[in-house]
Amino acid sequence: STTISFSIANADNVSLSIVDINGREIAKILDNQWMEAGMHNLSFNAEDLASGVYLYLLETSKETQTNRMIVLED
């Protein structure tokens with residue numbers, strides 16, 4: 001499992017999804033959930049994912065953030 005940290009400048013509805021390198025959605029962590037402005041930390045269990053590079057996409061009404069994460073099997 002891993003912790004995904006992000007910040008948003010203004011309170012807004014937030015969607016957060018994990019996609020593979022080809023852009024296919026693997027998991028939806030948040031689906032249009034209201035969050036206050038500031039720093040947030042969410043736990044994500046990646047044990048069902050194969051080793052590789054994934055992206056997490058954070059979307060609000062005003063911005064989109066994309067970050068990379070690497071999953072390594074134990």
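In this chain, numbering begins with 1 at the start of the sequence shown.
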*Any chance you could measure Asn10, atom CG, to Lys62, atom NZ, to the nearest 0.5 Å?*
5.0 Å

*Interatomic distance, Leu16 atom CG to Gln65 atom CD [nearest 0.5 angstrom]*: 9.5 Å

*asked:* Membership question, hydrophobic clusters at under 4.5 Å side-chain separation (ILVMFWY): are Phe44 and Leu55 in the same one?
replied: no

*Taking the side chain as every heavy atom from C-beta outward, state whether Glu59 and Thr64 have any atom pair closer than 4.5 Å.*
yes

*What's the verdict on side-chain hydrogen bond (donor to acceptor under 3.5 Å, both in side chains) for Ser1 and Asn45, showing C-alpha distance, side-chain angles and the deciding distance?*
CA-CA 4 Å; Ser1 111; Asn45 185 346; 5.8 Å; no

*Taking every non-hydrogen atom, the tightest pair across Met35 and Ile8*: O-CD1, 3.8 Å

*Could you check Leu58, Leu57, Ile4 and say which one makes a side chain to side chain contact (heavy atoms under 4.5 Å, CB included) with Ile29?*
Ile4

_For Asn13, the option from Asp31, Thr60, Asn32 that meets side chain to side chain contact (heavy atoms under 4.5 Å, CB included)_ = Asn32

*Taking atom NZ of Lys28 and atom OG of Ser17, what is their separation to the nearest 0.5 Å?*
4.5 Å

_Gap separating the CD1 atom of Ile18 from the OH atom of Tyr56, nearest 0.5 angstrom_ = 8.0 Å

*So, Asp12 versus Ser61: side-chain donor-acceptor pair below 3.5 Å or not?*
yes

*Search all heavy atoms of Glu25 against all heavy atoms of Val19 and return the closest pair with its distance.*
CA-CG1, 3.8 Å

_Point-to-point distance, once rounded to the nearest 0.5 Å, from CG of Leu49 to OH of Tyr54_ = 4.5 Å

